[in-house]
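A short worksheet on the structure shown next.
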Amino acid sequence: MSQAHAAALEHMGTGIPSNKLGMWLFLASEVMFFTGLIAAYIVLRMSHPAWPGPEGHLSKALGGLNTFILLCSSATMVLAFVEAQRGRQGALRMQLGWTIVLGMAFLGIKAYEYSTKLSHGIAPSTNVFWSCYYTLTGFHALHVLGGIIANGWLFIRTLQGRIHLASAYKLELAGLYWHFVDIVWLFLFPLVYLL
């Protein structure tokens, strides 16, 4: 990266690199999006005493497993960034690969949950709870998919030898997004699965 390019990415009058500021602004908009969805869920939940209804409940074990998987994926994302800073391409690739695999495992479990419910005739139109469940977890799953795609792109760049200390900020930005997705799940899991 040239000095001029590095200077263009830096500070823009805020003291924060512009790419990091852009990511934080994007995440702020995502916080507002999920806050609106979660607030609507809470209001609907408080107004319906028979929740979720007679057709069954969610598997706390699968929800807990998915929580564990996402927490592990956050750890591997942090380790990928550390390895990029150390210049260890092989270890970086391994940690990033684990992050992707764990994200895919999360989506696989979510797909299993969806298919099980749908095979029993439980769809978003069943009642308000299931409409909220599919909406909240569906949007979250799309965000996990987005994180997998971003991390997959970074993984390909590591295969090409293009991720190194000077470009470790790309991993940092992807990590900010990945951790945001994990934090959203830490709100969704107790609200949807445990209450």
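Hydrophobic clustering keeps Val78 apart from Ile69 (ILVMFWY residues linked when any side-chain heavy atoms are closer than 4.5 Å, directly or through intermediates). Hydrophobic clustering (ILVMFWY, side-chain heavy atoms < 4.5 Å, transitive): Leu159 and Trp98 are in distinct clusters. Leu136 and Met32 are members of different hydrophobic clusters when ILVMFWY side chains are connected at heavy-atom separations under 4.5 Å. In the hydrophobic clustering of this structure, Val82 does not group with Leu171; members are Ile, Leu, Val, Met, Phe, Trp, Tyr whose side-chain heavy atoms approach within less than 4.5 Å, directly or through other members. A single hydrophobic cluster is seen to contain both Leu176 and Phe187, as judged by linkage of ILVMFWY side chains at heavy-atom distances under 4.5 Å, directly or through other members.
Considering CD1 of Ile122 and OG1 of Thr116, their distance stands at 9.5 Å, rounded to 0.5 Å. Considering OG of Ser59 and OH of Tyr193, their distance stands at 8.0 Å, rounded to 0.5 Å. Between the CG atom of Leu142 and the OG1 atom of Thr137 there is a distance of 10.0 Å, given to the nearest 0.5 Å. Here the CG-CG distance, from Leu194 to Leu58, works out to 10.0 Å after rounding to the nearest 0.5 Å. Atom-to-atom distance recorded for Leu188:CG and Cys132:SG is 11.5 Å, nearest 0.5 angstrom. For the atom pair CZ (Phe34) and CG (Leu27), the distance works out to 11.0 Å, reported to the nearest 0.5 Å.
Residues passing the side chain to side chain donor-acceptor pair (under 3.5 Å) test with Trp185 are Thr67, sequence neighbours excluded. By the ring pair (Phe, Tyr, Trp, His ring centres under 6.0 Å) test, Tyr134 is found to be paired with Tyr114, residues two or more places apart in sequence or in another chain being considered. Checked against ring pair (Phe, Tyr, Trp, His ring centres under 6.0 Å), Phe33 has the following partners two or more places apart in sequence or in another chain: Phe139. Thr35 meets the side chain to side chain contact (heavy atoms under 4.5 Å, CB included) test with Val31; sequence neighbours excluded.
Using a distance-only test at 3.5 Å, with no hydrogens or angles considered, no donor-acceptor pair links the side chain of Tyr177 to the main chain of Ala150.
Across every non-hydrogen atom of Val192 and Tyr133, the tightest pair is CG1-CD1, 3.7 Å. For the residue pair Leu173 and Met23, the shortest heavy atom distance occurs at O-CE, 3.5 Å. Nearest heavy-atom pair across Leu107 and Ile148 is CD1-CD1, 3.6 Å. The minimum heavy-atom distance linking Met77 with Thr99 is given by the pair N-OG1, 3.3 Å. Shortest non-hydrogen contact noted between Thr126 and Gly121 is OG1-O, 3.6 Å. Among all heavy-atom pairs drawn from Ala80 and Leu96, the shortest one is CB-N, 4.0 Å.
A 4.5 Å side-chain heavy-atom check between Leu70 and Asn66 finds every atom pair outside the cut-off. Residues Phe180 and Phe26 have side chains not in contact (no heavy-atom distance under 4.5 Å, counting atoms from C-beta outward). Side chains of Phe81 and Leu92 form no contact here, defined as non-hydrogen atoms less than 4.5 Å apart. With a 4.5 Å cut-off on side-chain heavy atoms, Val128 and Tyr41 do not count as touching. Under the 4.5 Å side-chain criterion, counting only non-hydrogen atoms from C-beta, Thr76 is not in contact with Met94. Between Leu71 and Asp182, the closest side-chain pair of non-hydrogen atoms is not below 4.5 Å.
Applying the side chain to side chain donor-acceptor pair (under 3.5 Å) definition to pairs two or more places apart or across chains, those involving residues 20-31 are Lys20-Glu172, Glu30-His143. Residue pairs that meet the salt bridge (Lys or Arg N to Asp or Glu O under 4.0 Å) test with at least one member in residues 57-85, sequence neighbours left out, are Glu83-Arg86, Glu83-Arg88.
In summary, the aromatic rings of Phe106 and His140 are positioned with their centroids under 6.0 Å apart.
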